[in-house]
Number of protein chains: 2
Amino acid sequence: MNSYTEENYLKALYTLGNERGEVNVNDLSRKLEIKMPTVTSMMKKLAAKKLVYYESYKPLKLTEKGKREAALIIRKHRLTEMFLVENMGFGWEEVHPIAEQVEHIQSAAFFDKMDQLLGYPKVDPHGSPIPDRNGKVIWKEYQKLSSCKVGETVRLAAVINTSEDFLRFLNSREIHLGLKVKIKAIEQFDGTMKVSYAKRTDETISHVVSERLLVEKA
Amino acid sequence: MNSYTEENYLKALYTLGNERGEVNVNDLSRKLEIKMPTVTSMMKKLAAKKLVYYESYKPLKLTEKGKREAALIIRKHRLTEMFLVENMGFGWEEVHPIAEQVEHIQSAAFFDKMDQLLGYPKVDPHGSPIPDRNGKVIWKEYQKLSSCKVGETVRLAAVINTSEDFLRFLNSREIHLGLKVKIKAIEQFDGTMKVSYAKRTDETISHVVSERLLVEKA
DNA sequence: TTATTTTGTTAGACACGTCTAACTTTATAC
DNA sequence: GTATAAAGTTAGACGTGTCTAACAAAATAA
Ligand SMILES: [Mn+2]
Ligand SMILES: [Mn+2]
Ligand SMILES: [Mn+2]
Ligand SMILES: [Mn+2]
């Protein structure tokens, strides 16, 4: 069994790996807010457990075993977030710090029960896919709202940034997953979009925001 | 903030204190399955944090602060057990090991939400009282089923032993909290009771079992 | 291509929570 | 009331996860 600490390293390696392809000691160090020498020594430990390929001065890479174990922790994280939102009434902006702790609970029954009560959800409250029991993840191909054209109507499928501030901002505009958004106009200069959705027929979405929203064709 | 480990020591001190009055290093050592020298050094640490009164060779005692913090962990434990049973469909025999982990989650909102969803329960699934937000516990005075007389009808209010085996045994006899039990006869020799409850009109309860069931007059 | 900056490693330290071995104090038995 | 047993403490060690200081390698800039 991996320790609480090891689990957090595995998860960070996994998510950084998906975001940036290559993961360096420095990236991990910054993400976990842990100094580089500490990261190096943990990488050697995880390498000894066959969870990470480690060679001095080379980028870090999870082994297949490491990827699987990381994905299973992420599964627990995302199931928890979904449970907190759907079955406990939390807002999507509140759940991450709680899930960060709950993900380390050792009890298959606990998470199986969440999964069952939720009806075997495929995505978490932010639209990220929930890995299956074997650690397999099915990534749906979404596109950024910012890449859409005038006249298109799209459905909001996921958020890229899940910071509390950003999610609170979306709440204040009544923007949530599943929302149908029609693009009315795009300002060439700065990419600002004029859109309509729900009862809001004359809203503005800045490029900073549309870059962080993933959509699919409605 | 207290560590995960410190929390488990506090909780053990609290429950042993209620069961036996005085707590010795040896008791704690056996309860936590941690060797005595380790316990001694932790007691010094908790004493430095004003959570325990510690003097060499004297019985251990929680300070008021220590009692309060212990009770708040127990609150989280029991709310969790109740939530697992009432809102997630677990059996009362399954929840303890999960609650043992969940009780260490640091999130007031998480437990407040459980409390609210449960309708501010006063007791856990085993009939033990849930301490309030200030760590105050209201103990109801129940009596052992074994101390009841022939002809009495009592309501099952709590179980003393919460081992999985005992709870499974009760499940197999369809014995659960709230059950009304009528005492039809008591064998003087070994204390075996003849009782009726629900649709079971001719059941036998051994003294070993009736000693572990707490009831109130119906 | 050499100098500088950034990234990464090594060495050594430390807090935490655990252990065993050895010793001391207190309790129990005779 | 001494002898023995049980309980408790002290000393010293160890694994985990963290740090800082010093050094080395790789990347970038001049
Ligand atoms: Mn999250
Ligand atoms: Mn975590
Ligand atoms: Mn319990
Ligand atoms: Mn616990």
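Chain A is the first sequence line, chain B the second, and so forth, proteins listed ahead of strands; every chain is numbered from 1. Because the structure is a prediction, the values reported are computed rather than measured. Just so you know, these numbers use all the heavy atoms, side chains as well, and skip hydrogens, waters and symmetry mates.
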When rounded to whole Å, the NZ to P distance for the pair B/K35 and D/dG12 reads 22 Å
Tell me the interatomic distance from A/Y54, atom OH, to C/dT9, atom C1', rounded to whole angstroms. 7 Å
Is the distance from OP1 or OP2 of C/dT7 to the nearest side-chain N or O of A/N26 less than 4.0 Å? yes
Is there a side-chain polar atom (N or O) of B/Y9 under 4.0 Å from OP1 or OP2 of C/dT18? yes
Nearest-nucleotide pick for B/M36, side chain only, options being D/dT18, C/dT7, D/dA7: D/dA7
Quick check for you: to the nearest 0.5 Å, what is the distance between B/L156 atom CG and B/E216 atom CD? 9.5 Å
Any chance the rings of A/H96 and A/H77 have centres within less than 6.0 Å? yes
Atom pair distance, as rounded to whole Å: NZ in A/K31 and C1' in C/dT7: 20 Å
For B/K44, report the nucleic acid contact type (base, sugar-phosphate, nothing); a contact means any heavy atom under 4.0 Å. sugar-phosphate
Can you figure out which of D/dG8, D/dA26, C/dC19 approaches the side chain of A/Y57 most closely? D/dA26
Give the rounded distance in Å between these two atoms: CE of B/M1 and P of C/dA15. 21 Å
Check this for me: A/K49, atom NZ, are more than 12 non-hydrogen atoms of other residues, nucleotides or ligands nearer than 6.0 Å? yes
Charged N to carboxylate O below 4.0 Å: is that the case for B/K11 and B/E7? no
Taking only the side-chain nitrogens and oxygens of B/T38, find out if one of them lies under 4.0 Å from OP1 or OP2 of C/dC19. yes
Nucleotide of D/dT18, C/dA21, D/dT20 approaching B/P37 most closely (side-chain heavy atoms): C/dA21
Atom-to-atom span, NZ of B/K58 to P of C/dT24 - whole angstrom: 21 Å
Using whole Å, what does the distance between atom C1' of nucleotide C/dA15 and atom CG of B/N2 come to? 16 Å
Taking the six-membered ring of B/F90 (Phe, Tyr or Trp), confirm whether the NZ or CZ of A/K113 is under 6.0 Å from its centre and within 45° of its axis. yes
Between A/T40 and C/dT9, is there a side-chain N or O to OP1/OP2 distance below 4.0 Å? yes
Within this structure, what is the CG-to-C1' distance between B/L28 and C/dT18, rounded to whole angstrom? 15 Å
Would you indicate what B/S41 reaches in the nucleic acid, counting non-hydrogen atoms under 4.0 angstrom: base, sugar-phosphate, or nothing? base
Nucleotide D/dA27, atom C1' - distance to CD of A/E22 in whole Å: 14 Å
